[in-house]
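All remarks here apply to the structure that follows.
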Amino acid sequence: MIATLVRRLWLVPVLLACWELLARAQASPYLPAPTRIASWMYERWFSGPYVLTEEAVDNFVPSLVRVVGSWSVAVVAGVALGVAIGRVAWLSDYVDPLVEFGRAVPPPAMLPVFLVLFTMGTQVQVATIVFGVVWPILLNSIDGARNVDPLQLETAAVFGVPARLRLLRIILPSASPKIFAGLRLSVSLALILMVISELKGSTDGIGYLLSTASNNADMPGLWAGVVVLGVLGYALNSLFLMAERRVLTWHRGARRTA
Amino acid sequence: MTSTAALAGRGRSSPSRARLAKYLRHATGVAVFLLVWELAGRTGLISWLPAASTSLARVAQLAADPAFLADLASTLTAAAVGLPLAVLVAVPVGLLLGTVPVVEEMTRAIVEFLRPIPSVALIPLALFFFQPEINAKVALIVYAASWPILINTLYGVRDVDPVATETLRSFGFGSGAVIWRVSLPSAAPFIFTGVRLAASITLILAISVEYVVGGAGGIGAFLIQASTGIGADAMVDVIATLVWAGLVGLVVNTLLLRAERRLFRWRHA
C-alpha cells in the first residue's frame with residue numbers, strides 16, 4: 001500500500017524540490033519558488049478566522065457559484081431540449097444544421113455578445129458559460145435519445161406504460177451513457193469559460209484575481225491563481241466522475257456481461 | 001410509430017429521394033430560424049438584436065474588409081502552427097507512456113494534476129514568459145492541444161492487439177520496430193480523434209489569448225474591439241464576427257471528420 005503510493009508519487013516531491021532549488025539559484029521574479037507561492041497563498045487566502053480570508057471568500061465563492069450554477073442550468077436545458085428533439089424524429093432534421101453550427105462556434109467567441117449586453121458582472125459569466133457548454137450536452141442528448149431501442153419502447157407502449165415512466169425508465173437510462181459523454185466535456189469547458197469571462201468582464205472571482213495580479217506583475221499571485229484553479233478543476237472533475245460512476249454502474253455491468 | 005414505419009418504407013423505395021427530403025427539412029429549419037431572427041430584430045421584440053438581413057450583410061462585408069481578414073489570418077496561422085507542434089510533442093510522449101508502464105506510473109500523478117488546470121488560467125503567466133504575444137499564443141495552443149492528443153494516443157496504444165506485438169517481437173523485431181509497425185498504425189484512429197478534439201481547443205485558446213492581449217490582432221481582438229463600439233452597430237459587428245468564427249469552426253471540423261472517415265475507413269468496416 002505505502003510502497004505503491006511511494007512508487008506513484010515520488011516524482012512529485014522530486015520535481016518540486018528541483019523547482020525550489022532552481023528558483024532560489026536563479027532568483028528570477030518570474031519563477032517564484034514553490035515555498036514562496038505557498039506562503040503567499042497562506043497569507044492572502046488561507047489565514048482568515050475560518051481558514052479563508054475575506055479576499056478568498058469574496059472571490060472564490062462567486063466563481064464557484066457561477067460555474068456550478070451555470071453548468072447546472074446548461075445541463076437541465078441541454079438534456080431536456082436534447083431528449084425532446086431526439087425523440088421527435090421529424091424535428092431533429094429541422095434543427096440539426098442549427099445545432100451543428102452552434103457547436104462549431106468556438107465557445108469563448110460568445111463572450112463579446114454578453115459584454116455588449118451586460119458590460120460587467122455575473123450575468124456575463126452565466127450567459128457565457130450556459131451558451132458555451134450547452135452544445136455538447138444538447139448534441140449528445142439528441143444522439144442518445146434518438147438511438148433508444150425501439151423494441152423496448154414498443155413493448156412498454158403495448159403494456160400501457162405511461163409516457164412519464166417511459167421517459168424516466170427507458171429513454172433517459174438508455175440515453176445516459178451518451179449524455180454523460182457530453183457532460184464530461186462540458187465540465188472542463190465550463191471552467192475555461194468561467195476564467196476567461198472573469199478575466200475580461202468581472203470585478204470579482206478567481207479570474208479577476210488573476211487579472212489584477214497580472215496588472216501588478218504579482219508573479220506569486222499568478223502562480224497561486226493557477227494552483228487554486230487546478231485544485232478546483234481537479235475537485236469538479238473528481239466529483240463528476242464519482243457521480244458518473246454511480247449513475248452508470250448498471251451500464252458498465254451490462255457491457256461486461258455482453 | 002406509424003410515422004417511423006412510413007419513413008422507413010419511403011427510404012427503402014428510393015434512398016436518394018429520402019435524402020433530398022432530409023436536405024429540404026434542413027434548409028427549411030435554417031430558413032425558419034432566419035425568418036424568426038429577422039422578425040425579432042425588425043419588430044423590436046428583442047430590442048438589442050439586429051435583424052438577420054443586417055447581420056448577414058455585415059458578414060458579407062467583412063469578407064472584403066482587409067483589417068478583418070488580417071485578424072482572421074492571424075488567428076488561423078497561430079492555430080495552424082500550434083496544432084502540428086502539439087502532435088509532434090504529444091504523440092511521442094503518448095507512445096512512451098503507453099508502451100513503458102514504469103514511466104506511465106511515475107508520471108501519472110503529475111498528469112492528473114496538470115490536466116484539470118483550465119488552460120486559459122495560464123494566459124497571464126505565459127504572457128510574462130513568452131514575448132512577443134504570438135509566441136505566448138502558440139505556446140499555450142501547443143500546451144492545451146497536447147492533452148487530448150496525448151490521452152488518446154495513450155488509450156490507442158493500450159488498445160493494441162497484444163498478439164500482434166508479441167508476434168513481431170518473437171520474429172526478432174526490436175521495440176522501435178514494433179512501435180513503428182504495430183502500435184502507431186493501430187493507435188492512429190485514436191490519435192486522429194484526439195487531433196480533431198485538439199483542433200477546436202486551438203481556436204478556444206487563440207481567441208482567449210487575443211481577448212486578454214487586446215491590441216495584438218486575431219479575431220479575438222477584433223471581437224473585443226467591436227464590443228467596445230457604441231449601440232446597435234457594436235452588436236452587428238460582434239454577431240457578424242461570431243458567424244465567421246462559427247463558419248471557420250464548421251469548416252475545420254467538417255474537413256477533419258471527412259479526413260478521419262477516409263483515412264480510417266478500414267476501421268469502421
Side-chain angles (χ1 to χ4, degrees), chain A residues 7-12 15 30 89-90 93-98 100-113 115-117 150 153-154 157 188-189 191-196 199-200 206-207 210-211 213-214 217 219 222-223 225-227 229-238, chain B residues 1 3-4 7 21-22 25-30 32-33 48 105-110 112-125 127-129 200 203-204 206-208 211-212 219-220 223-224 226-229 234-235 238-239 241-243 245-253:
Chain A
R7 208 167 60 231
R8 284 195 181 153
L9 293 176
W10 65 269
L11 195 58
V12 179
L15 279 183
Y30 296 132
W90 58 269
D93 274 350
Y94 288 102
V95 296
D96 254 0
L98 298 172
E100 286 292 338
F101 187 83
R103 194 196 45 164
V105 174
M110 301 287 259
L111 172 64
V113 174
L115 286 177
V116 175
L117 272 181
L153 281 173
E154 283 163 24
S188 40
L189 196 53
L191 206 60
I192 286 179
L193 291 173
M194 179 202 91
V195 175
I196 188 69
L199 275 170
K200 283 316 286 184
I206 306 174
L210 276 179
S211 93
S214 159
M219 299 311 283
L222 279 180
W223 284 99
V226 171
V227 172
L229 284 166
V231 171
L232 182 61
Y234 187 82
L236 291 179
N237 259 319
S238 311
Chain B
M1 231 177 302
S3 72
T4 46
L7 266 177
K22 190 173 166 184
R25 283 194 288 272
H26 284 174
T28 316
V30 175
V32 169
F33 173 75
W48 52 265
E105 192 175 38
M106 71 190 218
T107 51
R108 192 185 299 159
I110 294 165
E112 290 295 309
F113 182 73
L114 288 182
R115 195 154 71 111
I117 297 178
S119 40
V120 291
L122 299 169
I123 293 175
L125 267 181
L127 287 171
F128 279 102
F129 278 99
S200 53
L203 287 179
I204 293 180
I207 292 178
S208 300
Y211 282 163
V212 175
I219 49 174
L223 273 165
I224 282 292
S227 76
T228 56
M235 210 41 146
V238 167
I239 288 181
T241 316
L242 193 65
V243 172
L247 288 175
V248 167
L250 206 58
V251 168
V252 170
N253 218 344

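Naming convention: chains lettered A, B, ... in sequence-line order (proteins, then strands); numbering from 1 in each chain.
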Turns out that what part of A:Leu98 lies under 4.5 Å from chain B's heavy atoms comes down to side chain
For each of B:Glu105, B:Glu112, B:Lys22, tally heavy-atom pairs with chain A at distances under 4.5 Å, and name the one with the top tally.
B:Glu105
Which atoms of A:Val95 are under 4.5 Å from chain B, going by heavy atoms: the side chain, the backbone, both sets, or neither?
neither
In chain order, what residues pass the side-chain contact (heavy atoms from CB on, under 4.5 Å) check against B:Val248, with sequence neighbours excluded?
B:Leu72, B:Leu76, B:Leu203, B:Val252
Run A:Leu229 and A:Leu210 through side-chain contact (heavy atoms from CB on, under 4.5 Å) and show every step you take.
CA-CA 10 Å; A:Leu229 284 166; A:Leu210 276 179; 3.8 Å; yes
Most heavy-atom pairs under 4.5 Å with chain B, out of A:Gly230, A:Gly225, A:Pro106, A:Pro112, belong to A:Pro112
Tell me, for A:Asp96 versus chain B, whether the close heavy atoms (under 4.5 Å) come from the side chain, the backbone, both or neither.
side chain
Measure distances from A:Leu115 to the heavy atoms of chain B and classify the residue's part below 4.5 Å as side chain, backbone, both or neither.
side chain
Give, as side chain, backbone, both or neither, the part of A:Leu15 having an atom under 4.5 angstrom from any heavy atom of chain B.
side chain
Heavy-atom pairs under 4.5 Å with chain A - which of B:Ser200, B:Pro124, B:Ala206, B:Ala109 has more of them than the others?
B:Pro124
Donor-acceptor pair, B:Tyr211 side chain versus A:Leu199 backbone, under 3.5 Å?
no
Sort B:Val243 into side chain, backbone, both or neither according to what part of it lies under 4.5 angstrom from a heavy atom of chain A.
both
Based on non-hydrogen pairs under 4.5 Å, which of B:Gly220, B:Gly29, B:Ala226 is most in contact with chain A?
B:Gly29
Residue A:Leu189 versus chain B: region with a heavy atom under 4.5 Å:
side chain
Chain A shares the most heavy-atom pairs under 4.5 Å, among B:Asn253, B:Ile117, B:Leu250, B:Leu125, with B:Leu125
Given that the side chain runs from C-beta out, which part of A:Met194 has a heavy atom under 4.5 Å from chain B: side chain, backbone, both or neither?
neither
